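For clarity, every value in this text was computed on a predicted model and none was experimentally measured. Sequence lines set the chain letters: A, B, ... in the order given, protein chains first and strands last, and positions in each chain run from 1.
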Amino acid sequence: MRTAVARRGSPSAHLETPTMQSGTRVATAAPPSPPDADRPHRRDRVRTGVNIAIGVLLAYLVLFPLGMLIYSSLKDSELKLPFQIPGFTLGNFTKIFSSPRVLEVALNSLIFVTGTVVVALVISVGLAYLFERTDLPGRRFLAPSTLAPMAVPATVMAVAWVLAANPANGPLAILIRRVSGLSVDIYSLPGMILVAGIFGVPSMYLMLAPTFARLNLEFEEAAATSGAGWLTRTRKVVLPLTLPGMSAAAMLLAVIALEEFAIPSILGTPDQIFVFSSLVQAALQPPSGLSDYGRASAYGVLLVLLSLVMIAVYRRQTRESHRFRVVGGKGYRSSPVRLGRWRYPVMTIVLLYVLVAIVIPILTLVWTSLTPYLQPISLDSLSGLSFANYGAIFANPSLTHAIVNTLVISLVTATLTAGLGLWLALASARGGRAGRALFDLSFLVFAVPSVVLGVAVLFLYLFLPIPVYGTIWIIVIALTTRYVPRASRMIQTSLLQLDGGLEEVGRVSGARRGTVLRRVVLPLAAPAVTRTWLWVFANALGELPIALLLSSSDNRTVVVLLWDMIGESANYPEASALAVLLLALSAGSVWWVNRRGFQQHM
Amino acid sequence: KPPPAPDARNLAELYRAAKAEGQVIWFAPKPEAQMRPAIQAFEKKYPGISVKYTNKKAPDLVTQLNVEQAAGRVSFDVSNAGGLTVLPSLDMAAKVDWAGFRVPGDQIFDGNFVYVWAVPKVWAYNTDAVPASVVPRNWNGLLSPRWNGGKLTVESRGSFMTVWAQDRALGTDAGLDFAARLGRLHPHYTDNTTQAHTNISSGQTPIGTDLINLVLEDRAKGAPIAVAPVGPTNANKAYLFVPEGSPHPAAGRLLTAFLASPEGQAALVGSYNSIIPNDTDCSQAATNRVIGALCDAGVRWFSETDIRQYQQFADFFPQVEQALGTDVN
Amino acid sequence: MIMQNLVAPDHAVTISGLEKRFTRRQSSEVSLAVDDVGFTVPRGSFFTLLGPSGCGKTTTLRCLAGLESADRGEISMNGKSVFSAQARRDVAPEDRPIAMVPQSYGIWPHMKVYDNAAFPLRYGRKTCSRAEARTRVHAMLDQVGLAEYADRWSTQLSGGQQQRLALARALLCEPEVLLLDEPLSNLDAKLRAQLRAELRSFQQKFGVTTLYVTHDQGEALAMSDTIVVMNRGRIEQIGSPAEIYDSPASRFVADFVGSANLVPGVVDGVRGADNVVEVKTSVGILRCGRSATPPAPPTAGREVHVCIRPEHVRVVTEVPAAGEPNRFPARITSTEYLGDRREVVVAVDDVSLRAHADAHLRAGPGDEVGVLLDPEWTVALWS
Amino acid sequence: MIMQNLVAPDHAVTISGLEKRFTRRQSSEVSLAVDDVGFTVPRGSFFTLLGPSGCGKTTTLRCLAGLESADRGEISMNGKSVFSAQARRDVAPEDRPIAMVPQSYGIWPHMKVYDNAAFPLRYGRKTCSRAEARTRVHAMLDQVGLAEYADRWSTQLSGGQQQRLALARALLCEPEVLLLDEPLSNLDAKLRAQLRAELRSFQQKFGVTTLYVTHDQGEALAMSDTIVVMNRGRIEQIGSPAEIYDSPASRFVADFVGSANLVPGVVDGVRGADNVVEVKTSVGILRCGRSATPPAPPTAGREVHVCIRPEHVRVVTEVPAAGEPNRFPARITSTEYLGDRREVVVAVDDVSLRAHADAHLRAGPGDEVGVLLDPEWTVALWS
Ligand SMILES: Nc1ncnc2c1ncn2[C@@H]1O[C@H](COP(=O)(O)OP(=O)(O)OP(=O)(O)O)[C@@H](O)[C@H]1O
Ligand SMILES: Nc1ncnc2c1ncn2[C@@H]1O[C@H](COP(=O)(O)OP(=O)(O)OP(=O)(O)O)[C@@H](O)[C@H]1O
Ligand SMILES: [Fe+3]
Ligand SMILES: [Mg+2]
Ligand SMILES: [Mg+2]
């Protein structure tokens with residue numbers, strides 16, 4: 001602890017403690033002092049109070065659902081609610097581990113998660129590098145376009161993929177078969193991995209982009225002049241320096257892949273490929289409707305344990321934070337790497353990716369929204385297209401209400417989450433031991449599947465005398481709880497990049513900590529914060545399980561409407577029309593954030 | 001605190017009490033558009049009571065009601081049960097003397113449930129992909145090697161097999177044997193029947209399990225889908241009930257009674273939602289398009305008549321999953 | 001409390017017993033970056049920390065700024081204690097009356113040049129109106145030669161321009177104590193001289209106490225009122241430039257500040273009223289007109305080093321007769337042309353001596369010459 | 001291709017017509033950082049770019065390294081064209097036979113000191129076995145005085161230590177052309193001299209061509225074979241240190257390299273075989289033994305500047321009789337003690353002259369003295 005305090009990055013973290021403050025006050029109050037000499041200290045106290053309040057709020061948001069989760073996991077509540085059952089048991093866990101599928105599922109999950117993370121990591125690192133670090137032609141336009149589909153729920157995306165690439169009549173599969181003679185089966189582990197990987201790219205790209213954008217070019221140049229080729233210097237210099245960003249992004253995607261249900265369900269069920277999330281889903285959504293909360297919570301606890309492992313790994317990797325300080329106050333430059341004669345070949349590859357991964361699914365979605373009934377893209381059915389579905393959804397009296405709800409929920413959640421995430425990231429970087437503890441604590445809900453988290457929040461507010469049940473605020477609370485750990489990690493990785501000297505020089509110039517934070521740290525972290533905001537906004541737009549679970553008659557959102565259309569009446573065309581609406585919303589916000597958040601000098 | 005059950009004995013008293021409540025909140029697993037005519041008819045007949053409708057899947061409804069009742073904060077007045085959600089819903093329903101509100105006796109189920117529409121399961125095929133000559137005529141026709149390897153789409157939880165537990169002539173043992181043989185064809189499994197339906201109508205799989213109203217809806221929009229003459233089949237009943245502790249108990253009762261009445265049924269039938277006879281009976285084939293379609297295809301059907309059947313289904317489905325090889329746990 | 005106010009108020013900065021350890025995480029090996037450093041800086045003086053790379057200059061300065069917490073020792077500024085390890089007092093940097101140019105400049109990449117410079121006037125200890133800030137910033141940028149760059153992004157400056165920007169920003173803080181960590185190292189001699197003069201005049205005009213870290217002995221000698229020579233975290237000598245240069249306290253100082261010829265020997269005797277020390281060395285008897293304060297009265301036979309600076313070694317073309325005091329025959333080993341002079345290395349027996357000769361000296365390597373070591377500037381060093 | 005091989009192969013680096021513009025995004029204002037720069041660097045020579053801060057030295061070096069694409073011009077190394085704006089050829093940095101010490105060091109924070117230094121041997125152009133790398137890295141770290149820091153994190157080094165590490169890394173590249181951007185600016189004179197010597201000997205041992213950017217005139221004069229003096233992106237003069245120092249081509253060079261007294265005047269006449277120019281100035285007739293090559297034959301009445309370096313201005317205590325050529329009575333304005341000498345400013349009428357006097361000159365401000373401007377070192381400058 002002593003050494004941590006003495007280290008360059010946290011020169012006076014301990015100044016926050018009351019003893020130090022009183023010491024300071026005595027020293028400055030003794031001589032005939034100007035009248036406002038102790039005003040800063042009152043301000044300090046107010047700030048400490050505010051900090052404590054936020055810390056308590058965060059702890060509350062995290063600890064209660066977590067407590068609920070552990071409590072439920074120890075209840076054998078197959079057909080009842082956890083608190084209707086006396087006594088505790090480990091039965092849920094023994095049931096899980098004695099399931100005959102446990103090995104198969106574990107192996108499938110491992111392959112699926114690893115594959116998804118690798119696919120998404122490779123693609124998004126490549127895109128982040130190309131868009132943020134090089135002079136790739138058209139990057140201003142391509143970068144936002146890769147983010148556009150972020151708000152489309154996975155279910156809709158998976159169906160779009162099925163339509164586009166199913167082996168029977170998907171135009172993409174047919175095209176590939178014609179061109180290369182290969183028959184691709186999307187209903188397979190590789191197919192699931194590919195779709196889930198591509199689905200994860202926007203989120204990952206958003207996490208990685210600021211990390212890459214901030215990297216001082218000088219480090220790469222030093223390697224280039226030492227004779228290291230592009231691959232070597234990327235491997236040995238660029239990637240290690242962006243390690244915190246990459247591992248945070250990989251972790252995020254690992255849990256997304258672990259809990260994502262729609263893709264394994266739609267692409268895995270046909271060939272009976274089960275992964276972990278299928279089990280959670282089976283426990284939580286049996287046909288009878290009576291969820292086995294005990295078992296679902298036990299799965300949640302297992303994921304919490306898994307996230308403990310991830311905390312350990314992540315902490316280890318970012319422990320020596322000075323290793324990632326790449327934004328310094330000397331010779332900082334970040335002009336783009338020149339691709340030279342690779343410019344156009346690389347652009348072609350990127351365009352191809354955008355075509356396959358973004359354009360085709362979106363095109364399929366738009367196509368579906370214009371058709372009377374679900375059918376793959378083909379010239380024959382061109383004549384049947386109409387805007388009837390749009391007419392139908394806009395005639396739906398609940399839509400206006402749902403749009404308002406959705407916007408309020410997404411805006412409030414994004415803002416709240418970005419704010420709390422920023423606070424938490426700062427606390428972990430600058431707030432000493434308590435801050436880091438809180439940061440790690442928030443991590444515990446990182447991996448809790450959203451359905452399980454939603455149930456915990458549901459129970460909590462049904463029984464607490466806080467009147468949020470049935471309103472949009474319960475959804476805001478649940479989503480905020482869910483996204484804060486992710487958001488804080490996104491922001492923390494960019495704080496790790498800042499050299500302490502940048503802050504120090506501000507304080508030596510006489511600016512208070514708060515001012516330095518506002519004027520130096522925040523502007524430098526701003527790209528990460530705005531992108532985090534965008535990520536939360538888009539994900540909140542499209543988040544389904546929590547919205548579904550907590551939805552009542554007054555707080556229904558657009559995705560819930562969308563789900564209704566798919567759920568009982570299989571009306572994918574109308575659902576697609578709604579998805580196109582979500583797509584437009586998220587594309588609009590991507591455009592807006594990019595326009596505002598882009599800094600010319602970087 | 002939930003209001004006490006109304007002491008109304010007849011519809012007039014009930015309407016008075018309901019009007020005082022002013023509102024009724026109805027949750028059911030159907031798109032709002034399909035329910036709109038019935039809602040409008042209700043609001044016209046009983047002015048002063050507004051209906052707030054929410055579409056929610058049946059299992060989600062049970063979940064929500066279960067939790068809300070435990071917390072003493074039920075948020076809706078009319079709920080829905082059918083198939084496997086019937087058993088858990090039994091305890092959640094308020095005790096109502098439906099006969100007093102002029103619900104026909106054969107639509108009252110287990111005292112507190114009201115039968116309002118049926119969802120017959122059928123086998124459907126894509127008319128573009130399957131020539132009329134090869135359409136299976138019976139359950140055994142489904143086992144033809146022609147459908148081997150993902151050509152046949154079924155719902156993996158086995159609900160399409162309900163009729164094997166229902167019809168003595170078929171029998172559960174034969175059903176399990178059938179399921180095992182079906183499993184060997186490597187069907188294209190889906191999580192639920194609606195997904196199977198989209199697979200068929202979009203031409204991805206030529207044939208599979210389906211629900212008759214989905215087939216009829218898409219057919220009306222021009223989709224190349226038709227009902228295969230595979231029978232007998234199960235016509236799943238859906239019931240409405242008023243949850244214990246609901247916020248507008250009188251209005252809930254009033255709406256339920258209305259939907260069960262001939263007026264309500266007349267408003268519902270247009271969207272393929274209506275009661276049908278418990279056994280194959282083609283006398284209303286001309287007026288009821290669901291019955292018409294079943295009769296045209298020559299599919300025989302059964303509906304549940306006894307609460308014990310639901311327990312049989314609940315026991316049977318896990319065995320079907322085992323036989324198919326689709327059990328998750 | 002009362003104690004602190006007793007510190008003589010004419011000392012702007014007082015440090016005592018400062019010690020700073022760095023612990024390495026893996027090996028938990030401890031290294032002392034600053035080791036028992038203490039000095040007092042009179043108000044308004046120009047005080048320089050001089051020492052080889054890695055000797056702890058920056059660390060000392062950072063402790064003064066409050067950016068690093070020392071492990072031991074006391075620091076007070078303007079009579080107020082700002083740091084005391086014992087009393088666990090550590091005033092925050094923003095509450096110390098300082099400004100600083102860090103060695104890594106600390107230029108904010110997200111701001112324009114103007115905004116970097118204007119920071120102290122906007123958010124610092126003494127803020128001022130927008131209009132006033134505008135004039136003052138522009139005047140300062142003008143002084144450091146960055147007027148035309150005001151609305152560039154700070155990342156578009158050259159190395160030296162960034163350094164000047166950091167200097168401008170520090171000067172705009174109007175501090176009572178100005179901490180400068182090699183603020184001119186990347187500038188050319190012309191600009192350096194100009195900024196040095198401006199720094200000096202600024203310092204004298206506002207009476208601001210300046211702590212200046214430099215690796216440049218010439219700069220230290222030219223600008224400072226007092227120089228502290230540091231080595232391996234410890235202080236070697238404190239004194240005025242002339243004291244440091246002409247009467248170094250140790251071999252390290254003699255060698256580090258300017259160049260010095262050091263010849264080992266033993267005391268032969270102390271003559272005369274002005275304590276001329278005669279030292280027996282391998283080249284012969286050397287008369288030393290000066291000597292460092294000896295730890296004990298020098299006795300014959302005590303080991304000693306004789307120090308003479310190259311500019312006091314006169315190289316003459318006529319070879320002297322042997323035996324004359326401080327005058328020896330020698331042979332030129334090498335010469336280096338430095339523009340205004342020629343640096344010559346001569347060998348007297350097996351001792352090499354460095355001398356500054358006339359730039360156009362007519363003698364080359366191998367030539368026999370005479371050398372004369374001016375006794376008045378020859379120093380006897382005891383350590 | 002054949003064309004390029006015709007470039008004389010004894011020139012390691014040839015640059016011609018190099019131009020680099022920076023466009024500012026908002027205002028689309030264009031500034032020329034490098035403007036028509038061209039020179040050839042003979043193989044194995046030590047070539048220095050010297051100039052004031054912001055004159056384009058770093059930009060030129062970066063163009064050479066391939067880190068910046070020039071907008072116009074050609075660069076070839078070892079007879080092979082590596083850059084040509086016209087032919088749109090731009091060889092990547094890793095494919096040029098170079099090594100570089102960037103101005104801000106570019107030390108990788110995620111590596112230990114050893115790994116930073118070993119990088120070129122592991123991943124560079126010429127890799128070697130682990131064991132050999134080990135010995136070589138340790139030997140090099142030893143040479144730059146970082147042996148004991150080998151397994152520290154590179155962020156735990158002091159400023160000067162980081163600079164040395166960057167130097168070690170560049171030297172381990174064993175390049176054919178070594179690009180050094182102020183590689184010694186943060187080091188003290190001792191270490192600087194030592195590393196300078198090592199650099200020089202390394203350079204001579206391996207015959208590596210070295211391009212050296214410095215702001216330090218002394219360093220440039222002492223080390224270089226050839227110096228290029230730059231100003232505002234343009235070349236002012238190319239020449240050997242003695243040429244640059246003794247026969248500056250322009251007032252800028254005279255003033256920038258070392259200090260110079262510049263006195264304006266008009267040509268009075270050209271005398272004798274050795275072209276002694278006599279210049280009429282406000283202090284009187286000045287005889288100039290040297291002159292820059294004139295753009296046109298000098299005629300009487302042409303405007304000219306006379307340049308004389310302080311060390312050639314002799315200050316004598318006896319006041320001379322008026323009228324003697326190059327010898328004037330003067331008055332001391334100020335003196336500055338620099339350890340080995342005293343810098344004196346004297347006023348001759350209203351012209352101030354800077355002179356290097358003996359450190360122990362017995363005269364102070366206000367005293368009347370005589371000055372003598374050595375005609376042999378007095379230069380007439382035409383621009
Ligand atoms: N964070 C750190 N961890 C461990 N050692 C450190 C750290 N910072 C500095 N040191 C070591 O402490 C010693 C003193 O460093 P300091 O920066 O004070 O040197 P300096 O005198 O300023 O040198 P320079 O002139 O090269 O800048 C050096 O040996 C350095 O390696
Ligand atoms: N990225 C950039 N954008 C715009 N202008 C730039 C950029 N980089 C450098 N300049 C400008 O180009 C000019 C030359 O810069 P350069 O870095 O080559 O100078 P230098 O000679 O190395 O100076 P120093 O000795 O201060 O390092 C400077 O005026 C600088 O402000
Ligand atoms: Fe220097
Ligand atoms: Mg330093
Ligand atoms: Mg430079």
Side-chain angles (χ1 to χ4, degrees), chain A residues 7-9 135 215-244 317-333 335-343 496-497 499-501 598-602, chain D residues 22 24-26 58 61-62 64-69 88-112 115-127 153-156 159 162 165-166 169-170 172-175 177-179 181 186:
Chain A
R7 294 250 333 276
R8 293 171 76 117
D135 58 352
L215 190 60
N216 191 345
L217 188 62
E218 171 192 297
F219 296 119
E220 209 181 332
E221 289 180 351
T225 52
S226 299
W230 179 84
L231 195 66
T232 315
R233 60 187 194 250
T234 304
R235 226 160 28 94
K236 294 293 167 187
V237 176
V238 177
L239 296 186
L241 284 173
T242 50
L243 186 70
Q317 284 178 341
T318 56
R319 189 180 47 193
E320 254 130 9
S321 56
H322 62 83
R323 292 168 52 193
F324 311 107
R325 302 238 163 113
V326 293
V327 181
K330 185 178 191 178
Y332 179 87
R333 289 183 316 106
S335 54
V337 174
R338 285 174 295 113
L339 289 176
R341 64 201 151 99
W342 291 103
R343 267 176 76 126
L496 283 177
Q497 293 188 302
D499 183 42
F598 205 80
Q599 278 153 319
Q600 311 96 308
H601 62 293
M602 295 287 174
Chain D
F22 284 113
R24 302 197 29 220
R25 203 157 304 162
Q26 300 101 317
T58 298
L61 216 64
R62 287 173 55 82
L64 265 168
L67 299 173
E68 204 92 65
S69 279
R88 313 193 105 254
R89 180 186 302 108
D90 194 355
V91 174
E94 65 268 27
D95 296 326
R96 304 188 180 191
I98 52 163
M100 183 168 183
V101 175
Q103 194 164 6
S104 43
Y105 320 154
I107 295 298
W108 298 302
H110 64 295
M111 292 186 192
K112 303 224 164 174
D115 300 314
N116 260 287
F119 189 92
L121 297 182
R122 288 187 187 147
Y123 314 111
R125 287 173 209 96
K126 298 170 203 155
T127 55
W153 286 105
S154 55
T155 43
Q156 297 175 335
Q162 288 191 10
L165 177 55
R169 183 178 61 190
L172 283 167
C173 286
E174 296 208 344
V177 179
L178 184 59
L179 306 173
D181 198 351
N186 274 17

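- Of the listed residues A222(A), A228(A), S226(A), the one with more heavy-atom pairs under 4.5 angstrom with chain D than any other is S226(A).
- Considering every non-hydrogen atom in both F219(A) and I107(D), the closest pair reads CE2-O, 3.0 Å.
- Residue contact with chain A, scored on non-hydrogen atoms closer than 4.5 Å, involves the side chain of R62(D) exclusively.
- Expressed to the nearest 0.5 Å, how far CD of E221(A) lies from CD of E68(D) amounts to 7.5 Å.
- Under the rule for a ring-ring contact (aromatic ring centres under 6.0 Å, His included), the partners of W230(A) that lie at least two apart in sequence or sit in another chain are Y129(A).
- Here the closest heavy-atom approach between residue P240(A) and residue H110(D) is recorded as CB-CD2, 3.3 Å.
- Most heavy-atom pairs under 4.5 Å with chain A, from the set A92(D), S154(D), A99(D), C173(D): that is C173(D).
- For T225(A) against A65(D), the heavy-atom pair with the smallest separation is CG2-CB, 4.0 Å.
- Of the listed residues (T58(D), L67(D), I98(D)), the greatest number of heavy-atom pairs within a distance under 4.5 Å of chain A belongs to L67(D).
- Residue contact with chain A, scored on non-hydrogen atoms closer than 4.5 Å, is absent for L179(D).
- Residue with the most contacts toward chain A among S69(D), P102(D), P97(D), G66(D): S69(D) (heavy-atom pairs, distance under 4.5 Å).
- We find the NZ-CH2 distance between K236(A) and W108(D) to be 11.5 Å, quoted to the nearest 0.5 Å.
- Considering only heavy-atom pairs separated by less than 4.5 Å from chain A, the leading option among A170(D), G124(D), P175(D) is G124(D).
- With a 4.5 angstrom heavy-atom cutoff, R169(D) touches chain A only via side-chain atoms.
- Taken to the nearest 0.5 Å, the OH atom of Y105(D) stands 10.0 Å off from the CD atom of E218(A).
- Only the side chain of F119(D) comes within contact range of chain A, with heavy atoms under 4.5 Å apart.
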